[in-house]
Number of protein chains: 2
Amino acid sequence: EGILVSGATIEKNLAKVSMVGVDNKPGNAAKIFAHLAEAKVSVNDIIQTEVSKQKANISFTVNKNDFNDAKKAVESIKEKVGCDNVFYRDDIAEVSAIGVGMRTHYGVANMMFSALAKEKINIDSITTSEIRISCLVDKAQGDKALICVCKTFELDKPVNKRSYV
Amino acid sequence: EGILVSGATIEKNLAKVSMVGVDNKPGNAAKIFAHLAEAKVSVNDIIQTEVSKQKANISFTVNKNDFNDAKKAVESIKEKVGCDNVFYRDDIAEVSAIGVGMRTHYGVANMMFSALAKEKINIDSITTSEIRISCLVDKAQGDKALICVCKTFELDKPVNKRSYV
Ligand SMILES: C[C@@H](O)[C@H](N)C(=O)O
Ligand SMILES: C[C@@H](O)[C@H](N)C(=O)O
């Protein structure tokens, strides 16, 4: 079964909230996202990594127009969930490689990360699913990252002429 | 458009590697995953959160049978990417709610997190996509978490009888 990356996308109308060091105990994620739902903030991707038994980092992206509401909601809940630090960024772009069977192919992630590395593009966050691999990069490097992904997966060529399938 | 969660799954044959405090500069993600690819380790979900301009946390899940190879590969690369600390867990289970149009519905994430919170189930990591919301939980709570998700989204009832669509 070949790796078939069928497309690449870029989303620039995004902002990211990163909550560093949230208390890693039941109920805290629910509190944060209930607060955001009450503020009618529609959340895109949610990413949480565990830092230790005691702490976790939660970050999520929102539409730019929801950014101020998201900030207000997070500022009012951060103490209740023991969050050490929050930082906000709206200078980001999400570049994704889209395809089928992506998850089991470490090849795709590998190709994408090394292609961005060659172009000296920093990867701010990563999230993967069955159908896509998404990297948040600095907005100033968004277009360069998109072109880099298109070239890496030879998206300008017809499927039967690509060398990596 | 209603929220349609069409199913819930659990995956127990997983292990997780968490790299805390990797230097946040271009090329480091590529080094880690190239190393894993060389060791023929097939990576499932990859999650990276940005901790600051200087540091990022990268975690990923692998099949249990790849766990030892993953550990070896990570131990040999962690210094080269400035990683502060690595921890490994094989006592985890991934519980997912599957459906269409998940991403734009903060309602689904909200319902899932608060349902797990009510059952006092800790969420270790989170990753979302267009078609699923996945939480890693302690393996001992995996079955309880799966039942909790099925109940929350009324998966035992026919679609036209569910109260949350
Ligand atoms: C950090 C947060 O996700 C917490 N572990 C919870 O279960 O809600
Ligand atoms: C942490 C790692 O992802 C780094 N930012 C990179 O671009 O590779």
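In the text below, chain A, chain B and the rest are named by the order of the sequence lines, each starting its count at 1.
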Discussion item. Can you tell me which residue among B:N57, B:V20, B:I47 is in a side chain to side chain contact (heavy atoms under 4.5 Å, CB included) with A:N57?
Written reply: B:N57
Discussion item. Within the structure provided, determine whether B:E130 and A:E130 are in side-chain contact (heavy-atom separation under 4.5 Å).
Written reply: no
Worksheet entry | Euclidean distance, B:N122 CG relative to A:K25 NZ, rounded to 0.5 Å | 10.0 Å
Practice prompt. Kindly work out whether a path of hydrophobic side-chain contacts (I/L/V/M/F/W/Y, heavy atoms less than 4.5 Å apart) joins A:I77 to A:Y88.
Written response: yes
Item to complete: Heavy-atom distances under 4.5 Å only: say whether A:K31 touches chain B with side chain, backbone, both or neither.
Response: neither
Worksheet entry | Interatomic distance, A:S129 atom OG to B:I133 atom CD1 [nearest 0.5 angstrom] | 12.5 Å
Worksheet item: Counting only heavy atoms not in B:K151, do more than 12 fall under 6.0 Å of its NZ?
Response: no
Worksheet entry | Joint cluster assignment, A:V51 & B:V17, ILVMFWY side-chain distance < 4.5 Å | no
Worksheet item: In Å, rounded to the nearest 0.5 Å, how long is the span from CG of A:N28 to CZ of B:F113?
Response: 12.0 Å
Discussion item. Please tell me whether A:T49 and B:T49 have a donor and an acceptor in their side chains that are separated by less than 3.5 angstrom.
Written reply: yes
Worksheet item: Who among B:S18, B:A34, B:A56 has the most heavy-atom pairs with chain A under 4.5 Å?
Response: B:A34
Worksheet item: Of the backbone (N, CA, C, O) and the side chain (C-beta and beyond), which part of A:K16 lies under 4.5 Å from a heavy atom of chain B, both, or neither?
Response: side chain
Practice prompt. Measure from the side-chain N and O atoms of B:Q48 to the backbone N and O of A:D124, and report whether any donor-acceptor pair falls under 3.5 Å.
Written response: yes
Response to the item:
Max heavy-atom pairs within cutoff under 4.5 Å with chain B, candidates A:A30, A:A117, A:S114, A:P26, goes to A:P26
Worksheet item: For A:I46, does its backbone N or O pair with a side-chain atom of B:T128 as donor and acceptor, under 3.5 Å?
Response: yes
Practice prompt. State whether the number of non-hydrogen atoms from other residues, nucleotides or ligands found under 6.0 Å of A:K118 atom NZ is greater than 12.
Written response: no
Discussion item. What part of A:I121 gets within 4.5 angstrom of chain B, counting heavy atoms only: side chain, backbone, both, or neither?
Written reply: backbone
Response to the item:
CG of A:N110 to CD of B:E38, rounded to nearest 0.5 Å, is 8.5 Å
